[in-house]
Amino acid sequence: MKILLNGEAQDISAINITDLIVDLGLETRMLAVERNLEVVPKSEYATTILEENDRIEIVHMIGGG
Amino acid sequence: MSKDTFKVGTYEFTSRLIVGSGKYKDFETTKLATEASGAEMITVAVRRVNITEAGKENLLDYIDPKKYTILPNTAGCFNAEDAVRTLRLAREAGGWDLVKLEVLGDTQTLYPNVVETIKAAEVLVKEGFQVMVYTNDDPIVATKLEEVGCVAVMPLGNPIGSGRGLANPFNIRVIKERASVPIVVDAGIGTASDAAKALELGADAALINTAIAEAKDECLMAEAMRDAVRAGRKAFLAGRMPKRAFASASSPTEGYIWD
């Protein structure tokens, strides 16, 4: 399935956000996910089923002033 | 003296120095300088994860969110919508409700776009965020941001990263005297005396990043800033002497041996 992940087209096999995060090796990170401009609460990662052409943003914290 | 704490929104701090976490050469230096600064609050930026480098170290491996109050910022946002999106994500990531809102006008000056800043602040306050807001050194805008419900107003001393000190100390003073929320001088502080000056003028705190991160000895400058903020605060509380046009002798003017 093709999605837009952090601005880039990606072909993924994950069916929900939980799987996507595990597939990316990000499960231990403090991060947040946005799907089609809406924040996905952590409690809904497993039940948020990915769809073709979803726009997913995964963000974390970096140094900044 | 009774305990002098820095209260902002529902939070309370001992330190009046807020530090940034940008521009350091590595995470270890970020950690050591932050510790040396005595700061309890540290700003962070929200950015896309690099999905091809999942195993890489992260800032929060070095800056423990249990030890520090993490203040997510909206650096790099040029409109209200992006700023609101960014902070919604930050709140979900770490549960943080105390945030630093900054909406910039252009990349050359990094001056705040106050129109978009006010728009974003209105939305964020409604959504329950405690907004510390970066703004220009304009007393009218500062009052407006307070009316909107921001928990702290953070006027710039000078442009971000410029290290030029306080361009308009009179405005910082005027902003402070009119405000009922804490005033934090954010941006422009270049060295310890700038930080001390900000607190002497009555600013409740100072937010400093580049001046520490770009010092030759980051940890030593972090200590200097810690001490300067403390000294400035004490001088403010002590109440400075008036400035006079002419001299006023320090030794008694009677009992001279030639009288």
Side-chain angles (χ1 to χ4, degrees), chain A, chain B residues 18-27 29-30 34 42-56 58-63 65 70-76 81 85-96 100 102 110 134 160-161 186-187 207-213:
Chain A
M1 174 169 56
K2 283 193 174 57
I3 63 166
L4 201 64
L5 178 60
N6 285 1
E8 287 181 24
Q10 296 279 338
D11 209 352
I12 58 151
S13 54
I15 56 164
N16 59 34
I17 304 283
T18 305
D19 291 349
L20 179 65
I21 289 172
V22 171
D23 289 353
L24 294 169
L26 296 171
E27 63 274 25
T28 60
R29 285 283 186 86
M30 186 176 275
L31 44 77
V33 178
E34 188 187 74
R35 178 183 181 228
N36 302 327
L37 301 177
E38 295 285 334
V39 174
V40 183
K42 288 187 184 70
S43 58
E44 294 173 20
Y45 283 180
T47 54
T48 301
I49 306 302
L50 292 163
E51 288 175 26
E52 190 84 20
N53 298 323
D54 268 354
R55 284 176 60 192
I56 303 293
E57 294 288 344
I58 305 179
V59 301
H60 66 159
M61 305 303 133
I62 65 159
Chain B
I18 305 167
V19 292
S21 59
K23 294 183 176 171
Y24 282 100
K25 61 185 177 222
D26 53 45
F27 288 140
T29 311
T30 315
T34 304
I42 181 166
T43 63
V44 301
V46 180
R47 290 292 183 275
R48 283 173 170 164
V49 170
N50 186 340
I51 54 172
T52 59
E53 296 177 43
K56 258 182 93 177
N58 178 262
L59 174 70
L60 298 183
D61 298 331
Y62 288 81
I63 299 294
I70 302 293
L71 189 68
N73 72 21
T74 60
E81 190 191 345
R85 269 180 80 192
T86 299
L87 291 177
R88 284 176 182 155
L89 281 164
R91 180 160 67 177
E92 181 55 32
W96 307 302
K100 172 179 166 177
E102 59 176 292
L110 298 181
Y134 171 66
I160 294 167
D186 180 4
L207 200 165
I208 304 173
N209 191 161
T210 310
I212 298 173

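Chain A is the first sequence line, chain B the second, and so forth, proteins listed ahead of strands; every chain is numbered from 1. Scope of the values below: all heavy atoms of this structure, side chains included, with no hydrogens, waters or symmetry mates.
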Inter-residue atom distance [X].[atom1] - [Y].[atom2], 0.5 Å rounding:
X	Y	atom1	atom2	value
B/Ile51	A/Asn6	CD1	CG	6.0 Å
A/Ile62	B/Leu60	CD1	CG	11.0 Å
A/Glu34	B/Glu92	CD	CD	11.5 Å
A/Glu8	B/Thr52	CD	OG1	8.0 Å

Quick check on A/Gln10 against chain B: is it the side chain, the backbone, both or neither that has a heavy atom closer than 4.5 Å?
side chain
Proximal component of A/Glu57, with respect to chain B [non-hydrogen, under 4.5 Å]
side chain
Closest-packed option against chain A by number of heavy-atom pairs under 4.5 Å, given [options]:
options	answer
B/Ile160, B/Leu207, B/Asn73	B/Asn73
B/Ile42, B/Ile18, B/Val46	B/Val46
B/Ala213, B/Gly20, B/Ser21	B/Ser21

Considering only heavy atoms, which portion of B/Lys23 lies under 4.5 Å from any heavy atom of chain A: side chain, backbone, both, or neither?
neither
Residue part contacting chain A, namely of B/Leu89, when any heavy atom lies under 4.5 Å
both
Show the numbers, then the answer: is there a side chain to side chain contact (heavy atoms under 4.5 Å, CB included) between A/Met61 and B/Ile63?
CA-CA 11 Å; A/Met61 305 303 133; B/Ile63 299 294; over 6 Å; no
Of all the heavy-atom pairs spanning A/Met30 and B/Pro65, show the shortest one and how long it is.
CE-CG, 4.3 Å
Shortest non-hydrogen contact from B/Ala45 to A/Gly63?
CB-O, 3.9 Å
